[in-house]
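Proteins come first, then strands; the chains are lettered A, B, ... in the order of their sequence lines, and each starts at number 1. Values in this document were obtained by computation on a predicted structure and should not be read as measured data.
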Protein chains: 2
Amino acid sequence: MPETRIQSRNRAAILDAGLEVFSRYGFRGATLDQIAGEAGLSKPNLLYYFQSKEAIHRALLLQLMDAWLEPLRDIDPAGEPLDEMLDYVRRKLALSRDYPRESRLFANEILSGAPHIDDTLASTLRDLVDGAAALIADWVAEGRLAQVDPHHTIMSVWALTQHYADFDVQVRAVLDTDDPLRGAEAHLTKLFDRLLRPGA
Amino acid sequence: MPETRIQSRNRAAILDAGLEVFSRYGFRGATLDQIAGEAGLSKPNLLYYFQSKEAIHRALLLQLMDAWLEPLRDIDPAGEPLDEMLDYVRRKLALSRDYPRESRLFANEILSGAPHIDDTLASTLRDLVDGAAALIADWVAEGRLAQVDPHHTIMSVWALTQHYADFDVQVRAVLDTDDPLRGAEAHLTKLFDRLLRPGA
DNA sequence: CGTGCATTTTACCGATTGGTCAAATCATTG
DNA sequence: CAATGATTTGACCAATCGGTAAAATGCACG
């Protein structure tokens, strides 16, 4: 039995509402009533589509992790190292701009100790990062990137790009512009260019 | 009436327990029972020392903001620009190392939209940042620092240093070392040196 | 139109939430 | 030791939590 139009519409509404609420208050701080209200459904109706509060949260985390790691996968080993790295930074920043709620959802999960994605974190993510780190290490060894610690460099990209989504309130309070992400791209490009550009 | 020994001991225990719980689950996700249990007190006894859940949270945020902005205040306008900036980075990183719970508490507050510190964020913090940014702008104009956006540079320091505290779980999952902060200091020093060191 | 299934609602459950109150206990000082 | 104020406890409250059951409603299709 395929999914009916009404099913897919309501499921989507619930996931969107869940994303809104979970990303602001974390798993424990979010309530089903809040999510139901946001989705325009009654609470029992929510639970007709998802078995539990955790099921909604799990579905959100699952669809998140994939999209979140994609920019890392898209680094081309055959490309020009510096360009590849700067493109990676820009792709990651674009994610923060276009999916700030997903970014906050992830941040909340990590802040609370990542109780729902421990295994994924230790396996999938770890493998992907190690792969990218090895690639960077090669580029460094070949003198096509400046000397850096690959793992810390990758984490710097995450930290800097996610910051603009997760700390949006603070960023706006400090920056006094309605589009903080514009200046961010120029700044981060410059930062990573100077960090990674191989010496003459 | 001065504070008795038993009062200061219990208040301290409550604040410590509150810090532990609030920093993990945010304001809404934390419960008084959890905090009471962590503090080794009964819930009514908690409320004998603090009027409400919010009062505990407010006390924590208050004592946090001051310590948190101190490194920024300690930048010496008369010092050598690059050294001052790198020292600032190291001081901020030290805060993340020594007070990870405070860092997470702050992160949780910002993630949920900073409902409890909006005014402070818009005034105190803003003024301090603007002051430091002006100083950096001067140094850049004098050619004693490389060309950077001062505001974004300050936020980069925050993003990178806080990341090691707030995303500790992820950092450890990716790095596979029991002391991630050691490598972090070397990496961040290098990163900001290359970003800020004035060209020849 | 009516039958059968998908959907939604109403009413409710026990557990937990933040918080109160009065009684009991403790500690200090005269 | 007595007494007085500081501290702690147990019993309790209304509201809200995640979740359930069953009845009511909507909808598609013969």
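- Side-chain atoms of Arg104(B) and Ser23(B) form a donor-acceptor pair, as typed in the model, at a separation below 3.5 Å.
- Leu32(A) comes within contact range of the sugar-phosphate backbone alone, with a heavy-atom separation under 4.0 Å but no base atom that close.
- One can place CD1 of Ile35(B) at 15 Å from C1' of dT16(C), the figure rounded to the nearest angstrom.
- Residues of residues 50-57 of chain A having a heavy atom closer than 4.0 Å to DNA chain D, listed by number: Ser52(A), Lys53(A).
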Could you go over nucleotides 7-16 of chain D and give all protein N or O partners under 3.5 Å, atom names and distances?
| residue | atom | partner | partner atom | Å |
| --- | --- | --- | --- | --- |
| dT7(D) | OP1 | Thr4(B) | OG1 | 3.1 |
| dT7(D) | OP2 | Gln7(B) | NE2 | 2.8 |
| dT7(D) | OP2 | Tyr48(B) | OH | 3.1 |
| dT8(D) | OP1 | Asn10(B) | ND2 | 3.4 |
| dT8(D) | OP2 | Asn10(B) | ND2 | 3.0 |
| dT8(D) | OP2 | Asn45(B) | OD1 | 3.3 |
| dT8(D) | OP2 | Asn45(B) | ND2 | 3.3 |
| dT8(D) | OP2 | Tyr49(B) | OH | 2.7 |
| dT8(D) | O5' | Asn45(B) | ND2 | 3.2 |
| dT9(D) | OP2 | Ser42(B) | OG | 3.3 |

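- In this entry the distance linking CZ of Arg28(B) with C1' of dT16(C) reads 14 Å, nearest Å.
- Taking every heavy atom of both residues into account, Val169(B) and Gly113(A) meet most closely at CG2-CA, 3.8 Å.
- With Ser96(B) contributing its side chain and Thr161(B) its backbone, the two residues share a donor-acceptor pair below 3.5 Å.
- Residue contacts shown for Ala36(A) are absent, as no nucleic acid heavy atom lies under 4.0 Å away.
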N/O donor to acceptor pairs below 3.5 angstrom from side-chain atoms of residues 189-198 of chain A, sequence neighbours left out:
| residue | atom | partner | partner atom | Å |
| --- | --- | --- | --- | --- |
| Thr189(A) | OG1 | Arg90(A) | NH1 | 3.3 |
| Thr189(A) | OG1 | Glu185(A) | O | 2.7 |
| Lys190(A) | NZ | Gln147(B) | O | 3.3 |
| Asp193(A) | OD1 | Arg197(A) | NE | 3.1 |
| Asp193(A) | OD2 | Arg197(A) | NE | 3.4 |
| Asp193(A) | OD2 | Arg197(A) | NH2 | 2.8 |
| Arg194(A) | NH1 | Gln147(B) | O | 3.1 |
| Arg194(A) | NH1 | Leu195(B) | O | 2.7 |
| Arg194(A) | NH2 | Gln147(B) | O | 2.9 |

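- Using a 4.0 Å cut-off between charged nitrogen and carboxylate oxygen, Asp66(A) and Arg73(A) count as a salt-bridge pair.
- Put simply, Ile117(B) and Leu111(A) are part of two different groups of oily side chains (I, L, V, M, F, W, Y) that touch within less than 4.5 Å, one to the next.
- Using a 4.0 Å cut-off between a side-chain N of Lys or Arg and a carboxylate O of Asp or Glu, Arg91(A) and Asp87(A) do not qualify as a salt bridge.
- Between the side chains of Arg28(B) and Gln34(A), at least one donor-acceptor pair of N or O atoms lies under 3.5 Å.
- Between Arg5(B) and dA6(D), a side-chain N or O to OP1/OP2 separation shorter than 4.0 Å is absent.
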